There are 2 protein chains.
Amino acid sequence: MVTLADVAQHAGVSASTVSYVLSGKRSISASTRERVERSIDQLGYHPNAGARALASSKSNILALMVPLRTDMYVPVMMEIAISVATTARAHGYDVLLLTGEEGPATVRRIEGSALADAMILMDVELHDDRLPLLRETGRPAVLIGLPADPSRVSCVDLDFAAAGALCVEHLAGLGHRDIAVIGEAPAVYERHTGFAERTLAGLRERGRELGVRLLHRPCEGSYAAVAATLARVQEERPGTTAFVVQNEAATDPLLALLRQQRRAVPEDVSVMAICPDQVAAHASVPLTAVAVPAQELGRYAVEQVVAKIEGRGSDEVVLLAPELTVRESTGPRP
Amino acid sequence: MVTLADVAQHAGVSASTVSYVLSGKRSISASTRERVERSIDQLGYHPNAGARALASSKSNILALMVPLRTDMYVPVMMEIAISVATTARAHGYDVLLLTGEEGPATVRRIEGSALADAMILMDVELHDDRLPLLRETGRPAVLIGLPADPSRVSCVDLDFAAAGALCVEHLAGLGHRDIAVIGEAPAVYERHTGFAERTLAGLRERGRELGVRLLHRPCEGSYAAVAATLARVQEERPGTTAFVVQNEAATDPLLALLRQQRRAVPEDVSVMAICPDQVAAHASVPLTAVAVPAQELGRYAVEQVVAKIEGRGSDEVVLLAPELTVRESTGPRP
DNA sequence: CTGTGCCGTCGAAGCGCTTCGACGAGCCTA
DNA sequence: TAGGCTCGTCGAAGCGCTTCGACGGCACAG
């Protein structure tokens, strides 16, 4: 293994000089710099991560806590994770993948071992038990999601309330008066995951303002569950002419079922979704949808947390404005 | 930050004694051990990861390289990643998430910086350019997938050839003589991703043996693409009575399209898939399928790599035997 | 009662890097 | 021409941990 000392010797300078060439924290003459850089290349030197972390108390690692549950909104999670990893690299950081089990204990462990310079948390619950710890330690952290009390942490998320409102507006504008909301699995609501409740609040409020009747039903992602939910909705509110789906896995089954009932989309029923654009665009009927900007969330979270590490940036809550893309699944009320 | 020295002082012993309590590498009297452990708890001590890595040249980190492309077999990837992370924790390791871009350079970087004790690679291509490096460095590595030349590395994967064979057997046993294979996106074959080609080989070989006619068509995961592919297949081989789908995203569209054509599954057409069990079970018609055992792959990869780190275990290729679960989507040829 | 060996503990030497203070050389200013 | 700068470089002191060799104290055998 090539060390700093090897490079120094090879270049005929002292170790500290090599270090300063690498970090740029002191000025180095052009000739020395070049000589050192050549040696680095020739020897194939890479700084030892452990030694560097020890000496500088900076690991250049970001910890990313993802939910353990593999049954929920998986594509979004994956997209965020990948976006986090790529953005982090662009800033010189690597990403540690932590699964959510043992939330607070994991936070403490990472904290105590100084393994990561900062944490990014996904799947945030309204009263998340990792938050008190995070605040206590004071290490930079960013949540992707919005807890009930976002003080002294940073948060990034889609403005789900606005997204909900946008859906209702769009449908109301097309004349719909009875809208059914197919939601995430019941477990998501039971855990008080923020985004689901905020969407609902946004839907309801604008619904009230616009005089639209809403029926909300949580729903598992399987075909059978969607079928059951649809049947219930149609029984309880036969006049329903539009659906808002917030459940990646439910969109395709819903479209299939409607087709089976010979109810044409969008002529007889309108369907819109809150999901990643890719999912919406690839559905059997390209869906009018509010996009969940997974990549941007990941990128923003990293940039925010890096800023904090570097002493710039402060605690703030950023809610990205929702964007509605009209495709082929919504039309005027029949 | 609490250090080893703090614990030692608090417990009234030397630093090395605390270290030995932690590592168990020398015998310690019960009384001393207890005293030290109490101090550790009381002070909330966590060993500094950097210092530990530096002193022991062991980081207790596993690097996991996942593909950058978010458009392919995402659920399997995610499931594997999570399984890797959880299993790794159970063995005392954390997981570094590396996206596949710059493959060889990344391998060299991790290698040189001693950031990880071992690497796990996913999305392995037949002639993967990361392999030569991996062999050269001699650091423990496990591939999830199977390259053309698996010498001097370890590999775990589903036996996709056997999986393909199993599908053909099952369908041939039901009397089908014309089978269409809906494959992954063309790009997957162009990159010579091992699993796709091996499946095809298995399908073809057993097809030949059993006198079954196979028609293979790569296919994007969107509804429109599946529709186009299905149309082509039905035009080219009107007698097709069974489908094998190896493309997570294509199963649901295919079922929906067949339903639309009023071709009942399994009465008129049989459909089977090679995909995670969860996907198969949740489809609109529960699918007879060969499961991709994502969790096991992840778990096995970690156990293998940990064994190598500890000096046990050697280079080997393990192909998990495919398991066929008969559900409701396959039946006798009409 | 002395010699031998083991058990439990300690001190010290690094691991490879960052960073602080020091210092010589060259330059400008007075 | 002496004094004071700045610039570029060096040496040394850690960062917090692991690990090796050493060393007392005790139990046992002779």
Side-chain angles (χ1 to χ4, degrees), chain A residues 1-37 39-40 43-61 92 109-117 309-310, chain B residues 1-37 39-40 43-61 92 109-117 309-310:
Chain A
M1 204 84 298
V2 187
T3 72
L4 231 213
D6 297 334
V7 175
Q9 191 178 2
H10 186 272
V13 297
S14 76
S16 48
T17 301
V18 178
S19 178
Y20 286 123
V21 168
L22 251 30
S23 70
K25 291 191 180 174
R26 284 202 183 171
S27 51
I28 297 285
S29 70
S31 69
T32 307
R33 187 202 322 291
E34 274 169 33
R35 202 143 32 86
V36 169
E37 276 164 357
S39 297
I40 289 179
L43 300 178
Y45 168 72
H46 286 269
N48 177 296
R52 183 169 263 195
L54 177 58
S56 65
S57 17
K58 226 191 139 257
S59 64
N60 278 287
I61 290 181
R109 184 172 66 86
I110 298 303
E111 194 52 43
S113 65
L115 224 185
D117 296 331
I309 291 174
E310 294 171 355
Chain B
M1 205 85 296
V2 186
T3 73
L4 231 214
D6 297 334
V7 175
Q9 190 177 2
H10 186 271
V13 297
S14 75
S16 50
T17 301
V18 177
S19 178
Y20 285 124
V21 167
L22 251 30
S23 70
K25 292 192 178 173
R26 283 201 184 172
S27 53
I28 296 285
S29 70
S31 68
T32 307
R33 187 201 323 289
E34 275 170 32
R35 203 143 32 87
V36 170
E37 277 165 356
S39 297
I40 290 179
L43 300 178
Y45 168 71
H46 286 268
N48 178 296
R52 182 170 265 194
L54 177 56
S56 65
S57 17
K58 227 189 139 259
S59 65
N60 277 285
I61 289 181
R109 185 172 65 86
I110 298 301
E111 196 51 43
S113 65
L115 224 185
D117 296 330
I309 291 174
E310 294 171 354

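None of these values were measured; they are calculated from a predicted model. Letters go in sequence order (proteins before strands), and every chain restarts at 1.
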Shortest non-hydrogen contact between A:L43 and A:V7, atoms and distance: CD1-CA, 3.8 Å
Are the side chain of B:R26 and the backbone of B:Y20 linked by a donor-acceptor contact shorter than 3.5 Å? no
Of B:T17 and B:A55, whose nearest nucleotide on DNA chain C comes first from the 5' end? B:T17
Please determine whether the number of non-hydrogen atoms from other residues, nucleotides or ligands lying under 6.0 Å from atom NZ of A:K25 exceeds 12. no
Taking only heavy atoms on the protein side, list every residue of residues 20-37 of chain B lying under 4.0 Å from any atom of DNA chain D, sorted numerically. B:Y20, B:K25, B:R26
Nearest atoms (heavy-atom pairs only) where A:V2 meets A:Y45: O-CD1, 3.5 Å
Distance (rounded to the nearest 0.5 Å) between A:N60 CG and A:R52 CZ: 7.0 Å
Shortest non-hydrogen contact between A:A116 and A:I110, atoms and distance: CB-CG2, 3.7 Å
Would a distance-only check, ignoring hydrogens and angles, find a side-chain to backbone donor-acceptor pair under 3.5 Å from B:S59 to B:L115? yes
Going 5' to 3' along DNA chain D, between which two nucleotides do contacts with chain B fall, using a heavy-atom cut-off of 4.0 Å? D:dG16 to D:dA22
At under 4.0 Å between heavy atoms, what does B:T3 touch on the DNA or RNA strands: base, sugar-phosphate, or nothing? sugar-phosphate
Using a heavy-atom cut-off of 4.0 Å across all strands, would you classify B:S16 as base, sugar-phosphate, or nothing? base
